Asks: 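Let me give you the structure first, and then I'll get to my questions.
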Amino acid sequence: MTSFIDIPSGSDFPIQNLPYGVFVPPGSDRPRPGTAIGTMVVDLCALEAEGLLETDVFQTSTLNQFMESGRPTWTLVRTSLQALLSGEDPRLKEDAALRRRTLHRQQDVRMVLPASIGDYTDFYSSREHATNVGTMFRDPENALPPNWLHLPVGYHGRASSVVVSGTEVRRPNGQTKPGEGPPIFGPSRLLDFELELGFFTGPGNGLGNPIPISQARDHIFGFVLVNDWSARDIQKWEYVPLGPFLAKNFATSISPWIVTLDALEPFRCAGPHQHDPEPLPYLQSKRDSSWDIGLEVAIQPPERDEEEIVCRSNFRHMYWNVCQQLAHHTVGGCNTNPGDLMASGTISGPDKGSFGSMLEITWRGQHPVKMFDGSERKFIQDGDTVIVRGAAEKDGLRIGFGEVRGKVLPAHSV
Ligand code: MN
């Protein structure tokens, strides 16, 4: 399928993708839902108002209503958009005035958060990441905690500080304990990124009604790239006994475009074997519940256009898949709502070049990364921009995520 809209080769957004986001058009201050195609954004609020979509979910400044509408509506909208953008349904292609009202160049619009995020959960589902962290901070012989292979470990994060790509991130001040002395207060010295992918929940389940793993897919609206900013020195001092708190609540950056499961269908693949131990019955899922999505992280130093790629990983490395995460999250009766965000946890692969955090890449700072400009990085410095990108590619088809970027500003003085 091709579009009458010109799509540059190598674009993240062919007509097979059609990710959803929320944008502010030029000369307006009203955010509205849209989809990306090539270098353009299509105004879904306007298309719907013109009667071209047969829905009533886009007259709003978030995607929550659309997320709530469920898979039949998601499929209907995707089918309608592909017909309109291919020209098979000629109503957009042959109406120049309508095209002018509904199409904008991506470079002219401002992207905002795609949803009103009620709750944010972060998992810890990469075996390689958990093993690396356990080797550094626990016991190399027993790196994984005893529960890790039996359940998808996670924690309830902070939704209020989830920000869209491009938002600058202030280095946090906080309490740390360097060495044997008393704790001190000041700027985190060990600021890190975490390479993650997150999913937005769809219709949601009522309180007390778990989502069975067989139905989990219908509750997953789509994926975004996530950078779960982490202050390692704050984390180290605070995390016993209840896990991360201020080390991770100051900012979590996400990419603006939500890529749907429909778009990613050609890239489904098997996840890792889970036979030692086998998961309990409520966590047993089909093995093709993973996706082959290439991911990379780059650091751009202050005042430079060039960047250093410090990690290349893949979503298929995740041990626990998203259906298992959602089934586990709700099995005790916890409700989810449309627009909740659930992130994977750091996605590390098996080899050094595929580790998804500076903590692992530099092994607690012991092996600094050499940058193209001759400087070194143990962790992220003020003025650095961290960029995460992702795309699934096969047989000439590329389904991209765009990117999530964030520049680090110096801490407020204390
Ligand atoms: Mn994380």
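Both backbone and side-chain heavy atoms feed into the values below; hydrogens, waters and symmetry mates do not. Ligands are counted one by one from 1 in listed order, and the atoms in each one are counted from 1 as well. Not measured: the values here are computed from a predicted model.
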Asks: Got Leu341 and Asp122 here, is their nearest side-chain heavy-atom distance under 4.5 Å?
Replies: no
Asks: Check this for me: does any side-chain nitrogen of one of Asp233 and Lys236 sit under 4.0 Å from a carboxylate oxygen of the other?
Replies: no
Asks: Sorted by chain and residue number, which protein N/O/S atoms are under 2.8 Å from the Mn ion (ligand 1)?
Replies: Asp122 OD2, Glu194 OE1, Glu196 OE2, Asp228 OD2
Asks: Should the pair Arg71 and Phe221 be classed as cation-pi, given the thresholds of under 6.0 Å to the six-membered ring centre and 45° from the axis?
Replies: no
Asks: My understanding is that only one of Thr201, Asn205, Thr330 makes a side-chain hydrogen bond (donor to acceptor under 3.5 Å, both in side chains) with Thr336; could you say which?
Replies: Asn205
Asks: Does a donor on one side chain sit under 3.5 Å from an acceptor on the other, for Lys248 and Ser230?
Replies: yes
Asks: Do Glu48 and Gln59 pair up side chain to side chain, a donor and an acceptor below 3.5 Å, judged on atom types alone?
Replies: yes
